[in-house]
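Below is one structure; the comments refer to it alone.
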Amino acid sequence: MLVFLTLYILGCIYLLKNCSDKLNPMVWLIIAYSFITGMYFFSGVNYSNKASVSVFLYLTLNIGTFYFWFKYCSMPKDYLHSVVRNDSSIKIIPNRTLRNIEIIGYIGVVVYLFDFLRLNGVTNMLSLLSLHSSFKTSFLTVAASLMTPSLLVVWITRIVQITNRTKKFKLGNVSAIVAFSIPNILTSGRQSVLFALLVTAISFIYVASCNRKARSGVRHNNNDNRIWQALRKNKKRLIAIAVTLLIVTSSYMSYVAINRNTYSYKLESFKQVFDATVSDSTNRLCTEYGGLSDALIDFVFYYSHELPYLQILIDYYNGPYGFGMYQFHYIARRLAVLGVNPTIVDETLENMSRSRNVSDHLYRTVLGSAICDFGLIGTVLFISILGYLSGRAYKRYKRQKSTWNIVNMIYICACVVFSIEYSPFREPAIAYTLLWIMIIRKRFRYENEN
């Protein structure tokens with residue numbers, strides 16, 4: 001497994017270094033799904049419910065479908081004759097718009113903290129230490145949860161706009177990503193924090209690629225010279241911020257994982273939850289390398305079982321289907337008064353998993369979430385729509401690399417990577433982030449027109 005992870009990291013570095021566009025979703029799709037495929041084959045875990053040829057064929061069908069519609073929409077016949085605006089025409093989202101949206105996010109965090117404390121008391125406010133996952137919420141908490149993801153959009157935008165400005169990146173901008181993480185830390189919610197780390201990493205990779213291009217063209221283009229000067233001023237700060245966020249986030253996620261489940265518990269879980277056995281070599285890797293072992297444990301525990309348990313879903317799940325309500329469960333709960341049953345799919349999954357002697361709390365990729373909503377054939381149609389919309393967004397980005405288009409593509413690429421766990425739309429903070437991107441787009445257009 002260690003050999004695979006080493007080769008995988010080197011392969012990712014080579015791919016990102018040599019690809020022409022760092023915000024091409026297909027690049028991140030290759031990076032994400034090659035990881036879970038490699039982890040399944042080389043993790044040293046032997047699952048009794050193995051992934052057969054059918055799951056790989058179905059995965060290939062959906063990836064091919066996504067690629068077809070993505071390519072079809074992003075490269076129309078008249079693409080070569082269309083006007084592609086260069087970097088000098090980049091439009092910056094006005095500071096006034098960002099400040100207003102940032103204020104809304106901070107208000108959301110304050111309201112969330114107040115309501116969380118009011119309903120649960122001081123004890124659960126310290127859930128980061130107690131790791132107590134049971135807490136009460138109200139309509140006020142839900143409304144605040146809708147407001148806080150605006151801070152993630154502001155954070156991405158501040159990073160992207162480094163390439164459009166000559167002044168330094170303010171360290172105070174980090175407060176946006178810190179504030180966004182607070183509600184998730186209170187509830188020990190790692191997925192939103194993981195997504196924030198993904199968008200941050202992709203944003204930094206994009207900025208680094210701009211630096212590389214600007215340096216190569218600095219003698220020939222005044223705009224490249226401006227970008228290079230801006231990036232050079234911010235280089236040390238960006239590196240410090242990136243390293244700090246990586247260490248803090250990794251430590252937090254590892255802390256939560258270890259305190260929830262020790263390695264001995266996880267090893268036993270492979271027998272009871274996954275109905276699997278762990279090889280001696282993997283067992284040694286996960287116990288003899290100190291802090292590195294903690295990361296290896298999580299990689300094995302969370303990212304080696306997607307394919308075999310997607311296989312179970314393909315073979316045995318025949319409805320009922322949620323028709324979107326499984327992925328948008330937070331909406332389904334609000335529609336319960338209209339007769340919508342928000343738990344019917346979860347109950348069916350639990351019964352199906354029990355019959356196969358495995359847990360129902362497993363990752364099955366975005367395909368698993370879509371199958372629960374639309375079935376096998378409907379999932380292909382769902383993936384087609386995602387490919388179509390991603391292609392349209394990529395086409396806009398290629399024609400005009402405005403700040404909004406870049407932020408939009410960073411979000412899409414992060415969702416592609418996150419999809420190896422489950423549908424990004426199942427995570428409220430991720431779905432609400434998309435909502436704020438759309439709000440900013442509309443507001444940005446209004447300000448440009450007036």
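Numbers here are sequence positions counted from 1.
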Is the ring pair Phe68/Tyr72 parallel, tilted or perpendicular, if the boundaries are 30 and 60 degrees?
parallel

If you define the side chain from C-beta out and look only at heavy atoms, does anything of Lys50 sit under 4.5 Å from Pro308?
no

Measure from the side-chain N and O atoms of Ser74 to the backbone N and O of Lys395, and report whether any donor-acceptor pair falls under 3.5 Å.
no

Are Phe425 and Tyr432 close enough that their ring centers fall under 6.0 Å?
no

For Tyr326, all residues meeting ring-ring contact (aromatic ring centres under 6.0 Å, His included), sequence neighbours excluded:
none

Does atom CH2 of Trp69 have more than 12 heavy-atom neighbours from other groups under 6.0 Å away?
no

Validation row: Ile205, Trp28 side chains within 4.5 angstrom (heavy atoms):
yes

Kindly indicate whether the side chain of Val417, heavy atoms from C-beta on, has any atom under 4.5 Å from the side chain of Ile31.
no

More than 12 heavy atoms of other groups within 6.0 Å of Phe56 CZ:
yes

Going by the side chain to side chain donor-acceptor pair (under 3.5 Å) test, which pairs reach into residues 34-44, not counting sequence neighbours?
none

Pairing residues for Leu435 by the side-chain contact (heavy atoms from CB on, under 4.5 Å) criterion, not counting sequence neighbours
Leu146, Ile439

Donor-acceptor check, side chain of Asn405 to backbone of Lys401, threshold 3.5 angstrom: yes or no?
no

Between Ser419 (side chain only) and Val416 (backbone N and O only), is there a donor and an acceptor less than 3.5 Å apart?
yes

Is it true that Ser369 and Gln327 share a donor-acceptor pair across their side chains at a distance under 3.5 Å?
no

Plane angle bin for Trp155 and Phe204 - parallel if under 30°, tilted between 30 and 60°, otherwise perpendicular
perpendicular

Compute the centroid of each ring, for Tyr411 and then for Phe195, and state whether the two points are separated by less than 6.0 Å.
yes

Report yes or no: does Lys22 contribute a side-chain atom to a donor-acceptor pair with the main-chain N or O of Leu16 at less than 3.5 Å?
yes

Donor-acceptor under 3.5 Å (Tyr206 side chain, Ile406 main chain)
no

Can you name the ring-ring contact (aromatic ring centres under 6.0 Å, His included) partners of Phe35, sequence neighbours left out?
Tyr8, Phe299, Tyr303

Kindly say whether Ala393 contributes a backbone atom to a donor-acceptor pair with the side chain of Asn408 at under 3.5 angstrom?
no

The criterion is salt bridge (Lys or Arg N to Asp or Glu O under 4.0 Å); which residues satisfy it with Asp373, sequence neighbours excluded?
none

N-O pairing of Arg426 and Glu421 below 4.0 Å
no

Please check if the distance between the ring centroids of Phe70 and Tyr67 is under 6.0 Å.
no

Are side-chain heavy atoms of Glu427 and Ser192 found at a separation under 4.5 Å?
yes

Take atom CZ of Phe4 as the centre, draw a 6.0 Å sphere, and report whether it contains more than 12 heavy atoms from other residues, nucleotides or ligands.
yes

Sorted by chain and residue number, the side-chain contact (heavy atoms from CB on, under 4.5 Å) partners of Ala179 (sequence neighbours excluded) come out as Tyr106, Val109, Leu151

